[in-house]
Amino acid sequence: MRAAILGAGYVGACTAAVLAEQGHQVIVADPDKERVMALAAGRAPVYEPGLDDALAMARASGRLSATTSTADAVDASDVTLLCVGTPPKPDGSQDLKFLKAASQQVGQALRSKPWHCVIVKSTVLPGTTEDVVAREVAKASGLQAGEGFGVAVNPEFLREGSALSDARAPDRIVVGQLDEASGKAAWALWEGLPGKRLTTDLATAELIKVASNAFLAAKVGLANDVANVAAAVGVDAAKVMEGVGLDARIGPQFLRFGAGFGGSCFPKDVRALVSLGKRVKKPSRILAAVLEANDAQPLEAVRLAREALGTLKGKRIALLGLAFKPDTDDVRETRALPLWQALTKAGATVICFDPRASENFRKLAPKAKLAASALDALEGADCAIVQAEWSEFRALAPAEFKRRMRRPLVVDARRALDAARLRGGGVEYRAIGLGERQV
Ligand code: UGA
């Protein structure tokens with residue numbers, strides 16, 4: 001098929017790479033010239049492991065191109081996938097301005113085209129595709145949804161950091177269809193991929209996406225709650241979660257407790273569902289509590305540091321890991337920000353480091369002091385807090401903590417490091433969820 005992809009973020013770029021691998025002809029449109037130039041040269045417009053190579057291959061195969069013109073992309077295609085952002089507004093609801101604008105542009109381009117299917121990959125609340133996308137396309141094109149053009153919802157379940165492998169080997173593919181022709185066009189894109197398949201109506205597919213993120217966020221939130229209790233009663237939550245995860249009904253994934261969840265999806269989608277619940281007068285008390293608990297969770301790491309140091313005032317703290325999770329440069333909703341704020345407010349000097357996300361973190365916290373390496377951040381520190389489980393932090397030798405730090409104290413807010421190895425090397429190790437009952 002010939003597919004236009006609107007939006008060159010990590011969803012658009014990974015989708016483009018995989019569609020091209022599947023033999024489709026792909027043209028990506030984005031108003032950002034730099035992103036388009038990167039794609040046109042077969043380079044990744046965002047940092048995502050493996051994406052550079054995949055896009056270079058796609059480019060070399062002649063099946064990938066990029067443009068700043070939505071009209072040109074739509075004109076050269078049979079289907080258009082909307083992969084634009086739906087960022088949160090201050091009240092938690094989704095800002096649909098990019099989606100609206102893209103829909104209008106698609107509509108204009110469809111005026112002179114035969115039947116074309118518009119597929120929504122952006123995460124939206126139930127009703128949005130019909131009420132906003134289909135309506136705007138219809139208005140701008142003068143065509144009717146279901147007649148002049150098709151509409152489908154094809155949510156993405158990619159995780160940043162492993163987006164490409166997730167896109168190549170999805171657990172499941174969900175297509176919400178306005179009518180059979182729309183569903184057929186959407187399914188034709190993914191014929192070659194594995195994964196369970198589910199066809200629904202538009203609103204159901206939309207809700208499957210946000211509900212999945214809400215479930216996973218709540219699972220992490222529950223793991224954090226249990227971890228805090230475990231530590232308080234002297235039990236190691238890592239073992240508890242290992243046991244809990246053995247229950248096939250629960251499963252071992254998303255039980256990693258720590259400083260809380262961040263990223264562009266969990267906080268935003270949970271908030272969006274909470275705000276939808278309010279709007280339809282079915283308030284989600286559970287999800288509201290998940291958000292509240294998640295806001296408090298980074299403070300557990302601050303508490304551990306304070307407990308060990310007596311006071312944070314005048315102390316030098318190395319904050320390792322600024323991205324919202326490892327293997328990404330994305331700092332959206334990163335727990336490093338509330339950590340940095342709380343530590344700074346308590347009078348500590350915070351030296352920050354991340355292998356990829358330092359520059360992005362500076363945009364969030366312009367006053368943040370950034371070190372050039374993890375080792376530099378440790379220099380003279382009274383405590384190191386690990387906020388993201390980058391493998392390079394795990395590889396740090398205990399001797400480096402001892403040699404460089406004023407006090408070799410590690411607070412592991414992600415249970416990322418090897419406690420026995422560090423302690424064996426003379427490092428003080430404390431961690432969220434680590435209760436050590438003396439028996
Ligand atoms: C999440 C979902 O996992 C994807 O399925 C979905 O497609 C994506 O959102 C989206 O809506 O676009 P992502 O935000 O990239 O993916 O990252 P996750 O790996 O899910 O992690 C989210 C946050 O939860 C991170 O801050 C991570 O550190 C935290 N987390 C995750 C935990 O604290 N514990 C865990 O066990 C798992």
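Treat the numbers as computed from the prediction; the structure is a model and nothing was measured. Start at 1 and go down the list; that is how both ligands and their atoms are numbered.
No hydrogens or angles considered: nothing links the side chains of R335 and Q297 as a donor-acceptor pair under 3.5 Å. Checked by atom type, the side-chain pair S182/Q177 shows no donor-acceptor distance below 3.5 Å. For the 3.5 Å distance criterion, the side chains of Q105 and T70 qualify, holding a donor opposite an acceptor. Side-chain contact, S77 with H116: no donor N or O sits under 3.5 Å from an acceptor N or O. Using modelled atom types, one finds a donor on one side chain and an acceptor on the other under 3.5 Å when comparing W390 with D354. K268 and T86 form a side-chain donor-acceptor contact under 3.5 Å, judged by distance and modelled atom types alone.
With contacts defined as side-chain heavy-atom distances shorter than 4.5 Å, the pair L198/I173 does not qualify.
Any N or O atom pair closer than 3.5 Å counts here, and F324 shares at least one such pair with ligand 1. Ligand 1 has an N or O atom lying under 3.5 Å from an N or O atom of E160, backbone or side chain. Taking distance alone, with nitrogen or oxygen atoms compared against 3.5 Å, N213 approaches ligand 1 more closely than that limit. Residue K325 has at least one nitrogen or oxygen atom sitting less than 3.5 Å from a nitrogen or oxygen atom of ligand 1, judged on distance alone.
Applying the side-chain contact (heavy atoms from CB on, under 4.5 Å) rule to R35 yields the partners A8, D30, D32, P45, V46; only residues at least two apart in sequence or on another chain are considered. Contacts of F261 classified as ring pair (Phe, Tyr, Trp, His ring centres under 6.0 Å), with partners at least two apart in sequence or in another chain: F266.
The protein heavy atom nearest to atom 37 (C) of ligand 1 is F254 CD2, 3.2 Å. Of the protein's non-hydrogen atoms, the one nearest atom 24 (O) of ligand 1 is F261 CB, 3.2 Å. The protein heavy-atom contact nearest to atom 3 (O) of ligand 1 is R159 CG, 3.2 Å. Of all protein heavy atoms, the one lying nearest to atom 30 (N) of ligand 1 is V220 CG2, 4.0 Å. When only non-hydrogen protein atoms are considered, atom 34 (N) of ligand 1 lies nearest to R256 O, 2.7 Å. The nearest protein atom to atom 5 (O) of ligand 1, hydrogens excluded, is given as F157 O, 3.0 Å; this is a heavy-atom distance.
Contacts with ligand 1 closer than 4.0 Å are made by side-chain heavy atoms of R414 only, the backbone lying farther away. Of all the heavy atoms of L158, the ones lying under 4.0 Å from any atom of ligand 1 belong exclusively to the backbone. Residue F266 touches ligand 1 through its side chain alone, judged by heavy-atom distances below 4.0 Å.
Residue G262 places a heavy atom less than 4.0 Å from ligand 1. Heavy-atom separations between K209 and ligand 1 include at least one value shorter than 4.0 Å.
For ligand 1, the atoms closer than 4.0 angstrom to any heavy atom of Y10 are 12 (O). Atoms of ligand 1 lying under 4.0 Å from any heavy atom of L255, numbered from 1 in the order shown and given with element: 36 (O).
The side chain to side chain donor-acceptor pair (under 3.5 Å) test with E206 is passed by exactly one of T123, T128, T129: T129.
Other residues, nucleotides and ligands contribute more than 12 heavy atoms inside 6.0 Å of the CD1 atom of I250.
For atom 12 (O) of ligand 1, the nearest non-hydrogen atom from the set A323, C265, S212 comes from C265.
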